[in-house]
Structure formats: C-alpha cells, structure tokens
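Written below as structure tokens is the structure these notes are about.
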Amino acid sequence: METPAKVKAAAQWLIDQYGGAVEPLGKHEGADAYYCRFPDDVDAGFPTVYLLKNDEVTEITGFEALRIISRNLKD
C-alpha cells in the first residue's frame, strides 16, 4: 500500500521536525491507517496515526494511536 499525498501532507510537519517517513499500517475501522515512523534515536512522545477514509484524513494521537499501532504492527 502506497502512502497517499494527502496523508504525507498531514504528516509533513512531523517529518520536517524529526525525520522519518509515513508508513502504512493496514486497516482500522474501515479506514486505511498510516503512522509516522521516526528514526530509532528520536524520542518524540506518543506516535501519530493517520486514518484515510472517504478522502478525509483524521489524525489520532495518544493512547488510541498506540492501540491502533499495536493491533496492526507485526514483529
């Protein structure tokens, strides 16, 4: 799954500040889910998840973002 430009634009400020890239997570409640993956040496607090549904981007942070990531990331 390629990251749409709309999601990349929503995350651009994080990438500019910390580096990294936006990567796909999979699906969450009918939306395509993406997260901003930071370099290993960055300590930036809670991760941010972006949900894309019906061409609208929703930004999720805090513990909910952690739950979404933990359900979708595989070792």
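All values below come from the heavy atoms of this structure, side chains included, with hydrogens, waters and symmetry mates left out. We're numbering straight along the sequence, starting at 1.
Between A65 and P47 the shortest heavy-atom distance is CB-O, 3.5 Å. For the pair N72 and G26, the tightest heavy-atom approach, listed with the atom from each and the gap, is OD1-CA, 4.4 Å. The two residues E59 and A10 make their nearest non-hydrogen contact at OE1-O, 4.4 Å. Minimum heavy-atom separation, K53 to A31: CB-CB, 3.7 Å. Closest approach of A21 to I15, counting heavy atoms only: CA-CD1, 4.2 Å.
In this structure, CZ on R67 lies 9.0 Å from NE2 on H28, to the nearest 0.5 angstrom.
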Next item on the list: Decide side-chain contact (heavy atoms from CB on, under 4.5 Å) for L66 and I68; before the verdict, give the C-alpha distance in whole Å, the side-chain angles of both, and the deciding distance to 0.1 Å.
Entry: CA-CA 5 Å; L66 289 175; I68 294 168; over 6 Å; no

Next item on the list: Please report the C-alpha distance between L25 and I69 in whole Å, then the side-chain angles of each, then the deciding distance to 0.1 Å, and finally whether the side-chain contact (heavy atoms from CB on, under 4.5 Å) criterion is met.
Entry: CA-CA 7 Å; L25 276 171; I69 290 170; 3.9 Å; yes

Next item on the list: Begin from the C-alpha positions of E56 and L52 and carry the test side-chain contact (heavy atoms from CB on, under 4.5 Å) through to its verdict.
Entry: CA-CA 6 Å; E56 289 188 33; L52 179 63; 5.8 Å; no

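Applying the salt bridge (Lys or Arg N to Asp or Glu O under 4.0 Å) rule to K6 yields the partners D55; only residues at least two apart in sequence or on another chain are considered. With sequence neighbours left out, T3 forms a side-chain contact (heavy atoms from CB on, under 4.5 Å) with V7, K8, V22, P24, Y34. In terms of the side-chain hydrogen bond (donor to acceptor under 3.5 Å, both in side chains) criterion, residue partners of Y35 (sequence neighbours excluded) are, by chain and number, R37.
When side chains are defined from C-beta on, T48 counts as touching L14, because their heavy atoms get closer than 4.5 Å.
Screening residues 43-73 for ring pair (Phe, Tyr, Trp, His ring centres under 6.0 Å), with sequence neighbours left out, gives F46-F63. Residue pairs meeting the salt bridge (Lys or Arg N to Asp or Glu O under 4.0 Å) criterion with at least one member in residues 11-27, sequence neighbours excluded, are K27-D32.
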